[in-house]
Protein chains: 4
Amino acid sequence: MQRTKPDTARRSETSRRAILTAALDLVGEVGYAKLSIEGIAARAGVGKQTIYRWWPSKGAVLFDAVLAGAEDEGGETALPDTGDLEADLKTVLRATVDGLNDPAQDRLLRALSVEIVQDPQLAVLYAERLDGPMKEAKKARLRAAQEAGQLPADLDLDVAVEMIWSPLTARWLHRTGPLTHAYADAVVEAALNGLRRGLPDGSR
Amino acid sequence: MQRTKPDTARRSETSRRAILTAALDLVGEVGYAKLSIEGIAARAGVGKQTIYRWWPSKGAVLFDAVLAGAEDEGGETALPDTGDLEADLKTVLRATVDGLNDPAQDRLLRALSVEIVQDPQLAVLYAERLDGPMKEAKKARLRAAQEAGQLPADLDLDVAVEMIWSPLTARWLHRTGPLTHAYADAVVEAALNGLRRGLPDGSR
Amino acid sequence: MQRTKPDTARRSETSRRAILTAALDLVGEVGYAKLSIEGIAARAGVGKQTIYRWWPSKGAVLFDAVLAGAEDEGGETALPDTGDLEADLKTVLRATVDGLNDPAQDRLLRALSVEIVQDPQLAVLYAERLDGPMKEAKKARLRAAQEAGQLPADLDLDVAVEMIWSPLTARWLHRTGPLTHAYADAVVEAALNGLRRGLPDGSR
Amino acid sequence: MQRTKPDTARRSETSRRAILTAALDLVGEVGYAKLSIEGIAARAGVGKQTIYRWWPSKGAVLFDAVLAGAEDEGGETALPDTGDLEADLKTVLRATVDGLNDPAQDRLLRALSVEIVQDPQLAVLYAERLDGPMKEAKKARLRAAQEAGQLPADLDLDVAVEMIWSPLTARWLHRTGPLTHAYADAVVEAALNGLRRGLPDGSR
DNA sequence: AGTTAAGCGAGACGGTACGTCCGGTCTTGAA
DNA sequence: TTCAAGACCGGACGTACCGTCTCGCTTAACT
């Protein structure tokens with residue numbers, strides 16, 4: 001799937017970066033609801049047409065901005081592997097909790113989320129470019145655990161990843177509860193052991 | 001917390017209902033992004049001012065509309081209890097899957113979700129008025145299972161509810177995968193048994 | 001012709017006066033263009049309906065306000081008569097010039113004028129109640145001059161009055177020139193003597 | 001003095017003409033009181049912003065429309081000169097009377113008048129662009145009469161013009177009497193000969 | 001003297017128009 | 001051809017008033 005026009009040689013890299021930077025800055029300053037294409041163009045010192053020429057919507061601009069930021073940080077996003085799956089997962093989820101508690105990151109991710117929720121095309125793009133690589137890294141860590149005999153060999157890794165991460169993101173998105181390290185730990189334990197953990201099989 | 005003006009005796013019940021109905025209808029027809037206060041007013045045969053007089057934003061109108069709809073259906077929202085927890089949960093989650101696969105309901109719930117994600121005040125209202133009662137019903141079912149010895153007595157029910165429901169809503173919201181009955185079943189099983197299920201304790 | 005409802009015994013004199021006073025005050029403060037019925041009602045501490053019950057338009061309110069003011073000053077409005085017509089007319093026109101140069105009176109009279117220009121019914125009312133008595137006084141002075149042999153006996157007094165006063169009011173209304181005592185004098189002289197004054201009859 | 005933004009090369013001449021035409025049409029159809037910017041925009045097939053971009057008020061639009069109309073007709077506005085001043089003036093004033101008795105023209109000129117009365121800036125513009133040229137033509141005719149010895153050489157032409165024309169416009173504006181050819185004639189005669197005409201100098 | 005209907009303050013209501021913001025398209029002139 | 005600039009048509013915003021319509025209340029007039 002291709003949402004944006006293929007880059008041509010004529011495209012101004014200067015303008016492109018200015019637009020993405022302006023979008024990122026503005027979303028952090030005024031929030032997504034008040035973000036406008038005109039505002040981005042003005043802030044970037046760019047004609048509106050230059051935005052419309054290369055992106056189909058403000059969501060796409062924002063998406064590209066986040067994408068560019070993510071890629072700048074380097075594609076390597078492997079999860080830690082100390083051999084202790086539970087500890088490693090807690091480490092990662094605690095870091096996620098910290099990130100979501102940072103106001104700037106919170107605003108940006110909410111903006112992105114709103115776009116994805118509303119726009120199926122962006123959702124696909126998100127699945128391919130942002131969530132995909134991340135999910136691969138998560139699954140790789142779980143696969144390693146499988147190979148070490150710490151998880152069943154027939155475990156559906158997609159479901160497993162969602163079991164571990166979605167309680168956190170759901171609570172964050174809808175603000176249905178506090179986001180703490182304790183909560184991250186509780187989720188990891190519950191996901192790994194199951195809600196029935198410790199009960200004799202016969203009682204189930 | 002009070003988002004809307006307190007009702008006075010002077011308020012027109014006719015107009016109120018017309019507005020809520022129009023909002024609900026329109027969001028199902030054109031989606032939330034194209035929902036406008038003007039559109040609601042026109043559809044409801046009402047002056048714009050009558051909306052602005054009683055609600056601070058279109059999100060608040062929509063929220064009230066959903067709320068009124070939920071309350072009309074009667075407060076009874078108890079989950080089924082056949083004694084078989086796993087089967088009951090699967091029944092409920094399959095029904096949820098079906099609901100989310102209905103375009104009109106999908107549009108409505110996405111609209112609501114977008115508002116909640118963006119507006120902390122609405123999020124509080126949501127937690128109190130819509131999500132709260134639902135969550136209580138879910139916890140009640142789990143508590144019954146605890147009392148029947150099917151779940152550990154010290155289980156944190158808030159976490160438990162999130163473990164069961166959030167994978168579904170997360171996958172729906174961000175469209176990260178297909179929403180099927182099979183998926184609902186897989187989530188219930190994984191949540192109850194844990195990702196490590198069946199492994200000897202020593203290998204963990 | 002009757003523009004306003006006939007007064008009944010039940011009518012509140014307090015409210016009536018409050019409304020007229022508020023209208024007069026507001027027109028002086030914010031100008032006629034920004035004068036609103038709601039504004040008058042609020043300022044007068046009166047319900048809107050009380051205005052609509054007794055007056056058909058804001059122009060009618062203003063008109064009544066001016067009328068009440070005029071009648072308060074006493075109906076006697078005879079022009080001075082020293083026996084010297086030209087001098088007397090100059091005295092009166094100079095006073096008119098002074099009045100029109102007063103900002104408050106200027107604003108009020110412009111407001112009244114705008115209403116009369118736009119609303120034929122108000123124009124009739126104006127002719128009967130405000131302009132009429134004034135014009136009678138003017139004609140009375142001219143009639144006295146006729147009787148003294150200072151003006152032709154067959155002079156059309158309506159035309160005469162307009163010849164004398166309309167240059168002044170026209171210049172004021174459209175601001176086509178400065179309003180000064182010298183101008184008042186020039187008009188009186190030109191009106192009395194004619195533009196051809198002093199030329200031998202044969203040359204005409 | 002400049003009321004409207006200076007035209008740039010970018011301005012759409014098509015839109016400009018459509019707006020002025022629509023304004024003129026509408027004022028003739030519904031009258032000035034019911035003339036609205038939205039109405040003009042809709043009739044002209046133009047965005048409201050395009051009006052607000054170039055004119056500060058509906059009065060300014062109307063003014064420009066009248067101005068454009070006047071300039072379209074060609075600058076030639078000389079008064080007739082048969083050598084007989086009185087006859088020529090009567091011809092012109094009778095034509096004016098006829099014009100003012102035409103409902104469409106009446107509505108348009110009243111609208112213009114109301115704006116001028118209320119807005120000093122428009123009054124200046126009016127004096128410069130519309131009334132000015134007309135007044136010059138009138139003064140030119142009177143000057144010709146002066147040169148022919150039919151009027152005193154020291155006559156103040158500004159006052160003279162006002163003496164002749166303002167009775168007519170005043171009576172029209174405030175509807176204080178019928179506008180007829182006879183009235184036009186009477187005014188011309190009175191203005192030229194003076195109210196005292198025919199009286200021996202000694203009696204004055 | 002008690003009843004009753006009007007006038008009253010208040011303000012909600014369906015509307016119209018305001019003047020502004022922004023979306024997305026189109027045009028101009030410089031590089 | 002791209003770009004900055006910005007005019008253009010259009011749609012929605014949130015506000016101000018319009019003129020109508022209840023609501024209770026006060027208050028004068030007529031039982």
Side-chain angles (χ1 to χ4, degrees), chain A residues 8-16 18 34-42 44-58, chain B residues 5 7-16 18 34-42 44-54 56-58, chain C residues 5 7-16 18 34-42 44-58, chain D residues 5 7-16 18 34-42 44-54 56-58:
Chain A
T8 64
R10 311 296 294 274
R11 179 166 189 182
S12 157
E13 180 61 14
T14 313
S15 296
R16 194 184 137 270
K34 295 196 173 179
L35 181 67
S36 69
I37 298 263
E38 293 212 337
I40 297 172
V46 138
K48 283 203 291 178
Q49 196 57 39
T50 303
I51 297 183
Y52 284 109
R53 197 166 7 244
W54 301 108
W55 291 274
S57 67
K58 73 172 174 175
Chain B
K5 272 176 64 175
D7 295 3
T8 68
R10 316 294 295 277
R11 180 166 188 182
S12 158
E13 180 61 15
T14 312
S15 295
R16 195 186 133 268
K34 295 196 175 178
L35 180 66
S36 67
I37 299 262
E38 292 214 335
I40 296 172
V46 138
K48 281 200 289 178
Q49 198 60 46
T50 301
I51 299 184
Y52 285 110
R53 185 149 37 225
W54 301 108
S57 67
K58 71 173 176 175
Chain C
K5 272 176 64 175
D7 295 4
T8 65
R10 312 295 291 276
R11 179 167 189 181
S12 159
E13 180 61 14
T14 312
S15 296
R16 193 184 136 269
K34 295 196 172 177
L35 180 67
S36 70
I37 299 263
E38 294 214 336
I40 296 171
V46 137
K48 283 202 292 177
Q49 196 61 246
T50 302
I51 298 183
Y52 284 109
R53 190 160 18 237
W54 301 108
W55 291 275
S57 67
K58 72 172 175 174
Chain D
K5 274 176 61 176
D7 296 3
T8 67
R10 315 296 295 276
R11 181 167 189 181
S12 158
E13 180 61 15
T14 311
S15 296
R16 194 186 134 268
K34 296 196 173 178
L35 180 66
S36 68
I37 299 262
E38 292 213 335
I40 297 172
V46 139
K48 280 202 289 179
Q49 198 60 47
T50 302
I51 299 183
Y52 285 110
R53 184 150 36 228
W54 302 108
S57 67
K58 72 173 175 174

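Qualifying side chain to side chain contact (heavy atoms under 4.5 Å, CB included) partners for D/Ser15, counting only residues two or more places apart in sequence or in other chains: D/Ser12, D/Val46, D/Thr50.
Atom-to-atom, CD1 of A/Ile40 to P of F/dA4 comes out at 14 Å; the value is rounded to the nearest Å. As rounded to whole Å, 12 Å separates atom C1' of E/dG9 from atom CD1 of C/Ile51. With rounding to whole Å, C/Trp55 atom CH2 is found 18 Å from F/dC18 atom C1'.
Between C/Thr50 and E/dG7 there is no side-chain N or O to OP1 or OP2 distance below 4.0 Å. Neither OP1 nor OP2 of E/dA6 sits under 4.0 Å from any side-chain N or O of C/Trp54. For E/dA12, neither phosphate oxygen OP1 nor OP2 lies less than 4.0 angstrom from any side-chain nitrogen or oxygen of B/Ser15.
A/Arg53 contributes no side-chain N or O that forms a donor-acceptor pair with the base of F/dT2 under 3.5 Å.
The minimum heavy-atom distance between A/Ala44 and A/Ala18, with the atom names listed, is CB-O, 3.6 Å.
By the 6.0 Å and 45° rule, D/Arg16 does not stack over the aromatic ring of D/Trp54.
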Contact letters for nucleotides 10-15 of chain F, in which S counts primed atoms plus P, OP1 and OP2 and B counts the base, heavy atoms under 4.0 Å
B-BBBB
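One finds the OH atom of D/Tyr52 at 4.5 Å from the CD1 atom of D/Ile37 (value rounded to the nearest 0.5 Å).
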